[in-house]
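Working notes, beginning with the structure itself.
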Amino acid sequence: MTDPKDTINIENVVASTGIGQELDLQSVAMDLEGADYDPEQFPGLVYRTQNPKSAALIFRSGKIVCTGAKSTDDVHESLRIVFDKLRELQIQVNEDPEIVVQNIVTSADLGRNLNLNAIAIGLGLENIEYEPEQFPGLVYRLDDPEVVALLFGSGKLVITGGKKPEDAEHAVDKIVSRLEDLGLLE
Amino acid sequence: RLRKWQERIRTKDAGERNLQFALSETDRMASSLAIPRSVREVACVIYRRALDEDLIRGRSIEGVATSTLYAACRMEGIPRSLEEVAAVSRVERKEIGRTYRYVAQELNLEMEPVNPKKYVPRFCSELELSEEVQVKANEIIDVTTEKGLLSGKSPTGYAAAAIYAASLLCNEKKTQREVSDVAQVTEVTIRNRYQEQIEAMGIHE
DNA sequence: GCTTTAAAAAGTAACTT
DNA sequence: AAGTTACTTTTTAAAGC
């Protein structure tokens with residue numbers, strides 16, 4: 001039997017940082033190829049990196065959000081590319097800007113089908129949200145770790161809201177033991 | 001002292017006006033959906049609770065009124081789908097669904113997922129199908145649900161497929177188009193659910 | 001509250017071929 | 001009827017309306 005923890009896969013990492021310098025996004029948009037900037041629609045400039053694949057949202061304040069990376073290492077690599085691109089435009093970028101991971105999205109597989117109706121009632125209707133007319137997943141909010149899990153009938157799940165990769169492992173452990181306690185697994 | 005009292009009266013009056021408008025809207029929507037008076041009263045009780053707990057802030061009266069009517073129908077066992085209530089509301093489906101989830105959570109309504117069987121009598125009646133078809137559709141829903149087919153599926157699509165299958169089995173065939181029209185789901189959804197259900201039932205044809 | 005970005009899960013819908 | 005695209009849910013930062 002496969003340990004559900006071994007099926008955990010990081011799908012997206014969101015992080016924030018800053019170059020410590022204000023930016024003229026209009027001129028950055030002119031000089032940076034591939035940059036999307038439409039201040040009427042959104043105050044941030046969008047710049048996409050190819051390897052690793054990610055999207056950086058660059059703001060007038062010099063703060064940057066990076067999303068779409070598949071690991072924390074990829075976030076650092078993507079942002080290193082963004083920093084270098086800005087330096088090429090003669091923009092001062094701090095030596096090693098602090099990068100803070102804000103959210104990690106993970107997927108996993110419990111390996112067996114789930115009776116979401118029974119789980120909704122078993123875990124307590126006041127703690128979960130399950131509205132198959134609106135979305136096929138059951139929404140389960142955990143207090144520790146503080147993450148949100150989306151459980152599907154196939155046994156696959158999504159864990160989001162965590163800040164460390166371990167958060168997803170702890171969440172999977174708790175979910176598995178709670179479902180086992182209720183006799184809703186296997 | 002006087003100021004506080006005036007504010008209380010003003011708030012109370014605003015609340016009364018709010019409630020009056022909500023109740024007239026609920027009545028209008030309920031009438032066009034042929035929802036019984038007893039269900040409208042349940043909807044009004046929920047709305048009053050939402051008003052008392054200050055859940056209307058930042059939301060439209062119409063949106064909350066539509067959501068409470070949707071919730072009341074489910075509570076009373078005669079659900080209307082979100083598309084059905086959205087058709088008589090001036091609030092869009094997505095907003096009704098969001099508001100419903102918020103109100104249900106905040107008021108601890110502890111709503112259970114809708115059992116597709118709850119749609120069988122009304123849909124079958126609109127399709128002029130016999131009691132025999134209804135019994136068969138309910139059986140299909142019970143058996144396939146027991147086999148785990150219901151998880152994650154929309155109750156309307158699930159009921160529609162069972163009714164379509166039952167109409168075939170009872171020689172009272174309705175087309176997928178006819179069933180999709182009353183259930184407000186696409187023929188593709190009926191086809192997909194139907195295939196799963198007859199396979200789980202061990203029916204070949 | 002909204003706007004934008006990414007990503008997974010699975011269901012439903014709206015198109016075109 | 002099949003295929004594609006797109007939308008539903010959740011999370012999170014950023015700046016501005």
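Here is the naming used below: chain letters follow the sequence lines, and residue numbers restart at 1 for every chain.
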Using the side-chain heavy atoms of A:N103, tell me which of these nucleotides is nearest: D:dT12, C:dA10, C:dA9.
D:dT12

What is the separation between atom CZ on A:F42 and atom P on D:dT12, rounded to the nearest whole Å?
16 Å

Considering just the side-chain nitrogens and oxygens of A:R60, establish if one lies under 4.0 Å of OP1 or OP2 belonging to D:dA14.
no

Return yes if some donor-acceptor pair links the side-chain N/O of B:K147 with the main-chain N/O of B:A200 below 3.5 Å, else return no.
yes

For B:Y100 and A:E133, which I'm curious about, is there any donor-acceptor pair between the side chains at under 3.5 Å?
no

When the P atoms of C:dT3 and D:dC7 are compared, how many Å lie between them, rounded to an integer?
12 Å

Categorize B:R93 for me: base, sugar-phosphate, or nothing, with a 4.0 angstrom heavy-atom threshold over every strand shown.
nothing

Spacing of A:F59 atom CZ relative to D:dA13 atom C1', expressed in whole Å:
8 Å

OP1 or OP2 of D:dT11 versus the side-chain N and O atoms of A:R141: is any pair under 4.0 Å?
yes

Is there a donor-acceptor pair under 3.5 Å between the side chain of A:S107 and the backbone N or O of A:V158?
no

Counting the atoms with a prime plus P, OP1 and OP2 as sugar-phosphate, which does B:R98 contact under 4.0 Å by heavy atoms, base, sugar-phosphate, or nothing?
sugar-phosphate

Under 4.0 Å between any heavy atoms, over every strand shown, what does A:T106 touch: base, sugar-phosphate, or nothing? Just pick one.
nothing

Answer yes or no: does a side-chain N or O of A:K163 lie under 4.0 Å from OP1 or OP2 of D:dT11?
no

Name the residue closer to the 5' end of DNA chain D, choosing between A:S61 and A:Q134 according to the nucleotide with the nearest heavy atom.
A:Q134

Side-chain donor-acceptor pair present, B:E187, B:S180, cut-off under 3.5 Å:
no

note: A:I104, atom CD1; D:dT10, atom P; distance rounded to Å ~ 20 Å

So, the side chain of B:R90 versus the backbone of B:E62: is there a donor-acceptor pair under 3.5 Å, distance only?
no

Take B:G157 and A:E11, find for each the nucleotide of DNA chain C with the closest heavy atom, and name the residue whose nucleotide sits nearer the 5' end.
A:E11

Whole angstroms only, please: what is the CZ-C1' distance between B:R191 and C:dA13?
13 Å

May I have the distance from A:L45 (atom CG) to C:dT3 (atom P), rounded to whole angstrom?
20 Å

What contact category does B:Q184 fall into here, base, sugar-phosphate, or nothing, at under 4.0 angstrom with non-hydrogen atoms?
sugar-phosphate

A:V14 side chain, from C-beta outward: closest of D:dG16, D:dA13, D:dT10
D:dA13

State which of C:dA13, D:dT10, C:dT5 makes the closest approach to the side chain of B:V185.
C:dA13

What is the distance from CG of A:N115 to C1' of C:dA10, rounded to the nearest Å?
16 Å

I'd like the C1' distance from D:dA13 over to C:dA9, given in whole Å.
23 Å

With heavy atoms under 4.0 Å as the rule, sort B:R101 into base, sugar-phosphate or nothing.
sugar-phosphate

For B:T189 and C:dA13, is the shortest distance between a side-chain N/O and OP1 or OP2 below 4.0 Å?
yes

Heavy-atom nearest nucleotide on DNA chain C taken for A:V46 and for A:P132; more 5' hit belongs to A:V46

Separation of C:dA14 atom C1' from B:I190 atom CD1, nearest Å, is 16 Å

Of all the choices, C:dT12, C:dA9, D:dA13, which nucleotide is nearest to the side chain of A:S16 once you look at every atom?
D:dA13

Assign A:V148 to base, sugar-phosphate, or nothing according to its heavy-atom contacts below 4.0 angstrom with the strands shown.
sugar-phosphate

Base, sugar-phosphate alone, or nothing: which one does B:G152 contact when heavy atoms must sit under 4.0 Å apart?
sugar-phosphate

Is there a donor-acceptor contact under 3.5 Å linking the side chains of B:Q176 and B:Y194?
no

Side-chain touch A:C66/A:V82, heavy atoms, less than 4.5 angstrom
no

State whether B:T186 places a side-chain N or O below 4.0 Å from either non-bridging phosphate oxygen (OP1 or OP2) of C:dT12.
no

Candidates C:dT4, C:dT12, D:dA13 - which lies nearest the side chain of A:L57:
C:dT4

With the side chain of A:V139 defined as its heavy atoms from C-beta on, choose the nearest nucleotide among C:dA10, D:dT10, D:dA15.
D:dT10

Send over the distance from B:K94 NZ to D:dT8 C1', rounded to a whole Å.
8 Å

Polar pair under 3.5 Å, donor/acceptor by atom type, side chain A:T67, base C:dA6
yes

